[in-house]
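Below: the structure, in structure tokens.
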Amino acid sequence: MDYLSLIKSSISIDLDDFVALFNQSLSHTDGLLSQVLDHIKQRAGKRMRPMLILLMAKNFGKVSDVSLNAAVGLELLHTASLVHDDVVDESDERRGQASVNASYNNKVAVLVGDYLLSTALLYVSYTHSEVIVRYLSELGRTLSNGEILQLSNIQNRTISEDAYYDVISMKTAALFEACAVIGAESAGASHEDTMAAREFGKKLGLIFQIRDDIFDYYDSKEIGKPTSNDMVEGKLTLPVIYALNSTDNKEMLELAYKVKDHTVTDEEVAQLVQFTKENGGINYAYKIMDRLHEECMIFIDEYVTNPEIKKSITAYLDYVSERSF
């Protein structure tokens, strides 16, 4: 099923307006900065987060200039965080293309990330909404906090689902949560509606990250990051955490500690991946996603009344749950 077309069907004109405004925000006359910004434009992605803002705005009212400027501000903040993340993770690729730090260098990447962050603040100021400015500012703090928490968790010897959820709630779910809240707020939604949208966005983000983590246990050229990359970087995700905690396999636990210590070999990572699959880790992750999907559908049934928008938001949820990359 072509989920992306269904998602865009009720916001196609609004999405075109967003893209034009976003590209304008990345335009500059300076030589080097212009080159780097053009490089970033070329790896635009699917616009999942801006589309969620637009869908929530349209569901609770209409897409306005406030919605569009907020969407640009949030996408710029997200883009800045990715540019900085690639420097921290020493990543050479982002969405199948060379990262900014790989194409230029770390200094350029950090400075351009700062430029994007400042531009994000500029565009969100155009909303003239103190509430939306506050949401975006809090999001920036939360994303940074999540990255720092993830680094500290790598050094933590405890392997728990709670620690995993703490990290992904800050790193990924917070983005979707902010999109849903900002979209609803930009349309003048009531406090009750906005809080319901917030919870929907958070659960969407959890589904998105769990699905992303599952990819890491399989080999596929479609995925924009190397498989098993999480373990190579010292990260233990939900499938392997479940497999470790539901068994009493001391050998695999020692390998998990080696993951955290960055001393694990490729062969040992392969053993952990196989162990995870054989002990229900992947199936467990899918069960969590299914439960969150059901809870998201409750929001759609209760808070989305327009049939066309309901079709788009349902397609959005299904795409996040079922995407193959």
Side-chain angles (χ1 to χ4, degrees), residues 43 45 81-106 109 146-168 171-172 206 208-289 323-325:
R43 62 178 206 195
S81 73
L82 296 181
V83 171
H84 284 159
D85 285 353
D86 287 340
V87 175
V88 172
D89 296 337
E90 299 180 349
S91 298
D92 293 331
E93 285 190 5
R94 169 69 62 177
R95 291 172 180 155
Q97 296 184 8
S99 61
V100 174
N101 49 299
S103 296
Y104 299 90
N105 56 52
N106 284 346
E147 287 291 339
I148 294 168
L149 181 61
Q150 180 170 269
L151 290 174
S152 64
N153 273 352
I154 290 173
Q155 300 168 0
N156 189 341
R157 307 310 279 181
T158 303
I159 298 173
S160 74
E161 287 187 32
D162 286 344
Y164 167 79
Y165 284 121
D166 284 345
V167 170
I168 70 169
K171 284 194 62 185
T172 305
L206 292 175
F208 187 95
Q209 187 59 57
I210 293 170
R211 187 77 182 101
D212 205 52
D213 290 340
I214 290 172
F215 292 149
D216 212 48
Y217 293 82
Y218 296 93
D219 294 323
S220 172
K221 293 181 180 179
E222 291 182 314
I223 301 170
K225 63 176 183 178
T227 53
S228 302
N229 196 48
D230 287 335
M231 290 190 193
V232 172
E233 293 177 356
K235 304 169 191 172
L236 298 174
T237 54
L238 184 60
V240 71
I241 291 171
Y242 171 81
L244 289 167
N245 288 335
S246 62
T247 62
D248 190 26
N249 192 311
K250 297 292 192 296
E251 181 185 356
M252 291 299 112
L253 188 59
E254 285 305 313
L255 292 188
Y257 289 141
K258 291 184 75 173
V259 168
K260 285 175 167 285
D261 293 337
H262 297 281
T263 59
V264 72
T265 66
D266 290 344
E267 291 77 14
E268 288 168 336
V269 167
Q271 289 179 50
L272 261 180
V273 167
Q274 189 62 31
F275 164 78
T276 299
K277 292 177 180 177
E278 291 174 352
N279 287 275
I282 305 299
N283 290 337
Y284 177 76
Y286 276 121
K287 285 180 183 177
I288 299 297
M289 285 173 54
R323 65 200 171 93
S324 57
F325 59 94

Task: Approximate separation, where rounding is to 0.5 Å, of Glu233 CD and Asp216 CG - done: 8.5 Å
Task: Nearest-0.5 Å distance, CG of residue Asn279 to CD of residue Gln274 - done: 10.0 Å
Task: Minimum side-chain heavy-atom gap Ile154-His262 below 4.5 Å - done: yes
Open item on the list: Evaluate Asp261 against Arg157 for side-chain contact (heavy atoms from CB on, under 4.5 Å), listing each step before the verdict.
Closed with: CA-CA 10 Å; Asp261 293 337; Arg157 307 310 279 181; 2.8 Å; yes
Open item on the list: Check whether Lys277 reaches the backbone of Ile282 with its side chain - one donor and one acceptor, N or O, closer than 3.5 Å.
Closed with: no
Identify every side-chain donor-acceptor pair in residues 251-258 under 3.5 Å, counting partners at least two apart or on other chains, and give the distances.
{"from": "Lys258", "atom 1": "NZ", "to": "Glu268", "atom 2": "OE1", "distance (Å)": "3.1"}
{"from": "Lys258", "atom 1": "NZ", "to": "Glu268", "atom 2": "OE2", "distance (Å)": "2.8"}

- [ ] For residues Asp212 and Arg323, determine if any side-chain heavy atom of one lies less than 4.5 Å from a side-chain heavy atom of the other.
- [x] yes
Open item on the list: Does any part of the side chain of Ile210, heavy atoms only, come nearer than 4.5 Å to the side chain of Tyr164, both counted from C-beta?
Closed with: yes
- [ ] State the OG1-CG distance between Thr172 and Asp213, to the nearest 0.5 angstrom.
- [x] 8.0 Å
- [ ] Compare every heavy atom of Pro239 with every heavy atom of Ile214, then report the nearest pair and how far apart it is.
- [x] CG1-CG, 4.5 Å
Task: Heavy-atom side-chain contact between Phe208 and Met289 under 4.5 Å - done: no
Task: Considering all heavy atoms, the nearest Ala163-Asn153 contact - done: O-ND2, 3.5 Å
- [ ] Give, for atom CG of Asn101 and atom NE2 of His84, the distance between the pair rounded to the nearest 0.5 Å.
- [x] 10.5 Å
TODO: Flag the pair Lys235 / Val167 as yes when at least one side-chain heavy-atom distance between them is below 4.5 Å, and no otherwise.
DONE: no
- [ ] Go through the structure and list residues passing salt bridge (Lys or Arg N to Asp or Glu O under 4.0 Å) with Asp248, not counting sequence neighbours.
- [x] Lys250
TODO: Could you tell me the separation between the OG1 atom of Thr237 and the OH atom of Tyr217, rounded to the nearest 0.5 Å?
DONE: 3.0 Å
- [ ] Return the set of residues passing ring pair (Phe, Tyr, Trp, His ring centres under 6.0 Å) with Tyr242 (not counting sequence neighbours), or none when no residue passes.
- [x] Tyr284
Task: side-chain contact (heavy atoms from CB on, under 4.5 Å) evaluation trace for Ile159 with Leu236 - done: CA-CA 8 Å; Ile159 298 173; Leu236 298 174; 3.8 Å; yes
TODO: Decide yes or no for Met231 and Val273: does some side-chain heavy atom of the first lie under 4.5 Å from some side-chain heavy atom of the second?
DONE: yes
Open item on the list: Just verifying a value: how many Å separate Ile168 CD1 and Gln150 CD, rounded to the nearest 0.5 Å?
Closed with: 10.5 Å
- [ ] Would you check if Leu149 and Lys171 make a side-chain contact, meaning some heavy-atom pair closer than 4.5 Å?
- [x] no
